[in-house]
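Just so we're clear, the structure is a prediction, and the values are computed from it rather than from any experiment. Every chain is numbered from 1 and lettered A, B, ... according to where its sequence line falls, protein lines coming before strand lines.
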Number of protein chains: 2
Amino acid sequence: MEKVNIKSVASVAGVSIASVSRVLNKKENVNPAIKAKVEEALKTTGYRRNLQASGLRAKHSYTLTLLYSDPSPSYVVDLQKGALAECDKQGYSLNIFPCNHRNDDFLERITDLVKHFKNDGVVVAPPISDMAEVINLFEENDIPYTRISPYIIESERPSVFCNDYGAAFDMTTYLLSLGHERIGFIKGTDGHSASKNRFQGYKDALFTQRIEFDESLVEQGGFSFDTGEVCARRLLKSDNKPSVIFASNDEMAAAVYKVAAQLKLDIPNNLSVVGFDDTPMTKFLWPALTTIRQPIATQAKQAVNMLLNYINDKSNEDLQISFDCELVLRESTSIYRP
Amino acid sequence: MEKVNIKSVASVAGVSIASVSRVLNKKENVNPAIKAKVEEALKTTGYRRNLQASGLRAKHSYTLTLLYSDPSPSYVVDLQKGALAECDKQGYSLNIFPCNHRNDDFLERITDLVKHFKNDGVVVAPPISDMAEVINLFEENDIPYTRISPYIIESERPSVFCNDYGAAFDMTTYLLSLGHERIGFIKGTDGHSASKNRFQGYKDALFTQRIEFDESLVEQGGFSFDTGEVCARRLLKSDNKPSVIFASNDEMAAAVYKVAAQLKLDIPNNLSVVGFDDTPMTKFLWPALTTIRQPIATQAKQAVNMLLNYINDKSNEDLQISFDCELVLRESTSIYRP
DNA sequence: TCTTGTTATGAAAACGTTTTCTTAAAGTGG
DNA sequence: CCACTTTAAGAAAACGTTTTCATAACAAGA
């Protein structure tokens, strides 16, 4: 197999190397005749640009960073899938950068990343997308970034959202439509934007249906199985027991299953349960968990797309894009039976 | 911040560019005095090599590919963690390459990968590491690779294993020590090396303890929740019901939980259950699942290490390295009560 | 017609390395 | 002590691009 570089393409096309480069990079002011010849030659030779050489000269890497703090593995995998799809499509590589935002060395690791940053931009996933210190670091060092589901929207940079609020609103409305009026709610980590939006959706749905909001039906969880277990136990042992529990994520919903089993409550006959996220685990719970699916991969794809637009300075009007979630109705809910 | 390249280092050290390069690449035949001066200069300037330029000239990418066919998300994440750790340590980047070996376009995707391969090598995770067609592609195209848990060992290339056999042996022995003699076994996907080894460990442990092997206690599963459910139902509805079920992975063990609940069998009092893999889900099952933890990250780390040794032609004697698994005893097993 | 300005094109420099080539110095054997 | 080989170091070429610079062709204005 003959090695094919710009030089060989140029000689096939009968033009200069510079002209080929101009066509490749879509510069203006290039004669249509030459352009046609070059494009023909590109095809016949099967030319593929050498990214190392191109990057070396033009000072970019054709590589993006995907920054996330390991939430659930299934979230991570979906995130990667979406980001990778868009990167592939646009001829970019993806460097994954997992870290743990609760670790002591977290900020040090981020500082390191920023200091020796070699890539063209960063996609920041939650909950890091919510951390002002991190975002400021990128800002100060002129590193292009887009965020997924950030809470602080002040920034002028593009970001993508998913409609946590609307999904929680719809789910609550669905539960009300089944006849439930005492809907327990387990909140997620305090300060996390998703927690806040999900809770607000729940409250507003109650309000819209003229059901009085009852503070005693709400517990402050932390998105983990353990915190979910504590909250579920409190809710289910109270005199004021709810007929359904809406957990802010699936992991806490799984904890509700555990407590329900211990208290001999049959799901869904004595207690309905719903979660949020549609992690793979929902299918292994029995009965299968009714929950909410976020378009994670789609969000990541869009975040990459916006980042590349930003980098390549294409016009870039819609800075914030929001995606809808989807209610996934399975077997963990039933109509209200007093 | 002054930009620092080889040229500036050379001028600080008072030597030629070529000498600096020789020191950087640990070539022999370089005067100790010069070497010292260069090393000093490298420190004071804080030089970092430009991988694009280096790679362009020396024809390598300082990037490895991690090839896997999405088993469980938690497996993938562990795999990445280990591979990334070693790559970081050695100054390499990691490109992840997820795919689905059951998809129609699988071979096409692999062929594409091979055809336009730009990286320095590939780490192949199971079950792809077992697929001769894929391995042959790498072999034919002279792409350096290492495999994790391959079944076909003929190849002279380095690979890492984990002792599935020994772990299954130990787990079975543990169950026998609890007094169980009727141990049901759900096999994994037929043809998969892990399936085979785990089953063999189970059988040999029975043999060692002089417990007769009973074919009717074995079901052929496929590593998925659904197949696990079918197998569990068959085992638990038979007249010859086992007192414990050893599932070849956690997902199938979770299915056993579901069937047990349907049949009103209390775990662990009426039925013990054990799994394999120690996925995060085990902690959400109730009671928490006794299972086996593989050192996935460690294996990936080692695989990367061996791959880089191979690429850089360092001596490389131990071609196959095996790691032990760890029994994780939780609450899903109890002593045998007739 | 002559200058001036604009434009498309090719030649050549540049990016930061590694590697080959050249040469001066040092070592070796007769 | 001379011819010859070996060695270490610097100069320069090479990797495959992009970008700057120079120039030729052409159009426009006086």
Side-chain angles (χ1 to χ4, degrees), chain A residues 1-39 41-42 45-63 91-93 116 118-120 311-313, chain B residues 1-39 41-42 45-63 91-93 116 118-120 311-313:
Chain A
M1 194 163 69
E2 203 54 36
K3 85 174 164 185
V4 36
N5 50 22
I6 280 205
K7 195 171 166 190
S8 60
V9 173
S11 83
V12 168
V15 300
S16 76
I17 291 178
S19 292
V20 176
S21 177
R22 277 189 276 262
V23 171
L24 279 173
N25 296 299
K26 307 201 194 335
K27 306 270 173 167
E28 29 212 89
N29 299 335
V30 41
N31 188 320
I34 287 202
K35 188 173 169 191
K37 276 197 291 185
V38 169
E39 276 167 349
L42 286 174
T45 55
Y47 170 81
R48 311 195 87 216
R49 134 158 59 196
N50 179 320
L51 298 180
Q52 288 181 312
S54 168
L56 170 61
R57 180 65 237 251
K59 303 216 175 302
H60 49 218
S61 65
Y62 294 108
T63 303
Y92 274 69
S93 292
H116 305 124
K118 280 284 182 292
N119 294 351
D120 295 346
I311 291 171
N312 300 322
D313 233 326
Chain B
M1 196 162 71
E2 203 54 33
K3 87 175 164 186
V4 36
N5 51 22
I6 281 204
K7 197 173 166 190
S8 59
V9 173
S11 82
V12 167
V15 300
S16 76
I17 290 177
S19 292
V20 176
S21 177
R22 276 189 277 260
V23 171
L24 279 173
N25 295 299
K26 308 202 195 327
K27 304 271 173 167
E28 30 212 271
N29 299 334
V30 40
N31 188 321
I34 288 201
K35 189 174 169 190
K37 276 198 289 184
V38 169
E39 278 168 349
L42 286 174
T45 54
Y47 170 82
R48 309 194 88 216
R49 132 158 61 197
N50 180 319
L51 297 179
Q52 287 181 313
S54 167
L56 170 60
R57 181 65 238 247
K59 305 219 176 300
H60 48 218
S61 65
Y62 295 107
T63 302
Y92 274 68
S93 292
H116 305 124
K118 281 283 181 293
N119 295 352
D120 295 345
I311 291 170
N312 300 324
D313 234 327

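- The shortest distance between the side-chain N/O atoms of A/Ser19 and the OP1/OP2 oxygens of C/dT9 is not below 4.0 Å.
- At the phosphate of C/dG10, OP1 or OP2 sits under 4.0 Å from a side-chain N or O atom of A/Ser16.
- Within the nucleic acid shown, B/Lys27 comes within 4.0 Å of sugar-phosphate atoms alone, with no base atom in reach, counting heavy atoms only.
- The phosphate of D/dA9 has OP1 or OP2 within less than 4.0 Å of a side-chain N or O from B/Asn31.
- Using a 4.0 Å cut-off, no side-chain N or O of B/Asn29 falls inside it from OP1 or OP2 of D/dT7.
- Judged purely by atom type and a 3.5 angstrom limit, B/Thr45 uses its side chain to pair as donor or acceptor with the backbone of B/Ala41.
- Distance from the side chain of A/Arg22 is smallest to C/dT9 among C/dT17, C/dT9, D/dA9.
- In this structure, of D/dT17, C/dA8, C/dT17, it is D/dT17 that holds the atom nearest to the side chain of A/Tyr47.
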Given the rule in the side chain to side chain contact (heavy atoms under 4.5 Å, CB included) test, do B/Ser54 and B/His60 qualify, once you have shown the distances and angles that lead to the verdict?
CA-CA 8 Å; B/Ser54 167; B/His60 48 218; 3.9 Å; yes

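- One finds no side-chain N or O of A/Lys59 lying less than 4.0 angstrom from the OP1 or OP2 phosphate oxygen of D/dT19.
- The main-chain N or O of B/Lys59 is never found under 3.5 Å from a side-chain atom of A/Gln52 such that the two would form a donor-acceptor pair.
- Residue B/Arg49 is classed as a sugar-phosphate contact, given heavy-atom separations below 4.0 Å to backbone atoms only.
- Taking the side chain of A/Ile34 as heavy atoms from C-beta on, and the options C/dG10, D/dG16, D/dG10, the nearest nucleotide is C/dG10.
- More than 12 heavy atoms of other residues, nucleotides or ligands lie within 6.0 Å of NZ in A/Lys37, so this atom counts as buried by the packing criterion.
- Taking atom CG of A/Leu56 as the reference point, atom P of D/dA14 lies 17 Å away to the nearest angstrom.
- Considering CG of B/Leu51 and OG of A/Ser61, their distance stands at 11.0 Å, rounded to 0.5 Å.
- Atom CG of B/Leu24 and atom P of C/dG16 are 15 Å apart (whole Å).
- Remark on DNA chain C: of its neighbouring residues A/Gly14 and B/Ala53, the 5'-side contact belongs to A/Gly14, judged by nearest-heavy-atom nucleotide.
- Note: CD (A/Gln52) to P (D/dT18) measures 14 Å, nearest angstrom.
- Rounded to whole Å, the distance from CG on A/Leu51 to P on C/dC15 is 21 Å.
- At whole-Å resolution of the value, NE2 in A/His60 and P in C/dA14 are 20 Å apart.
- The A/Arg57 side chain lies nearest to C/dC15 when the options are C/dC15, C/dT17, D/dA9.
- The distance between atom NZ of A/Lys7 and atom C1' of D/dA14, rounded to the nearest whole Å, is 11 Å.
- Base contact: B/Ser21 has a heavy atom under 4.0 Å from a base atom.
- Within the structure, every side-chain polar atom (N or O) of A/Tyr62 is placed at least 4.0 Å from both OP1 and OP2 of D/dT17.
- When heavy atoms are screened at a 4.0 angstrom cut-off, A/Ala58 is found touching the sugar-phosphate backbone but no base atom.
- Ranking C/dG10, C/dC15, D/dA9 by closeness to the B/Lys3 side chain, first place goes to C/dC15.
- Of the side-chain N and O atoms in B/Asn50, none sit less than 4.0 angstrom from OP1 or OP2 of C/dC15.
- Between A/Ser54 and D/dG16 there is no side-chain N or O to OP1 or OP2 distance below 4.0 Å.
- At distances below 3.5 Å, at least one donor-acceptor pair connects side-chain atoms of B/Asn5 with backbone N or O atoms of B/Lys7.
- For B/Ile6, counting side-chain heavy atoms from C-beta on, the closest listed nucleotide (C/dG10, C/dT18, C/dT20) is C/dT18.
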I would like to know whether A/Leu24 and A/Ile6 meet side chain to side chain contact (heavy atoms under 4.5 Å, CB included); could you show each step before the answer?
CA-CA 10 Å; A/Leu24 279 173; A/Ile6 280 205; 3.8 Å; yes

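- Taking atom CG of residue B/Asn5 and atom P of nucleotide C/dT17, one finds them 6 Å apart after rounding to whole Å.
- The CD1-C1' distance, from A/Ile17 to C/dG10, rounds to 10 Å in whole Å.
- OP1 or OP2 of D/dT18 sits under 4.0 Å from a side-chain N or O of A/Asn25.
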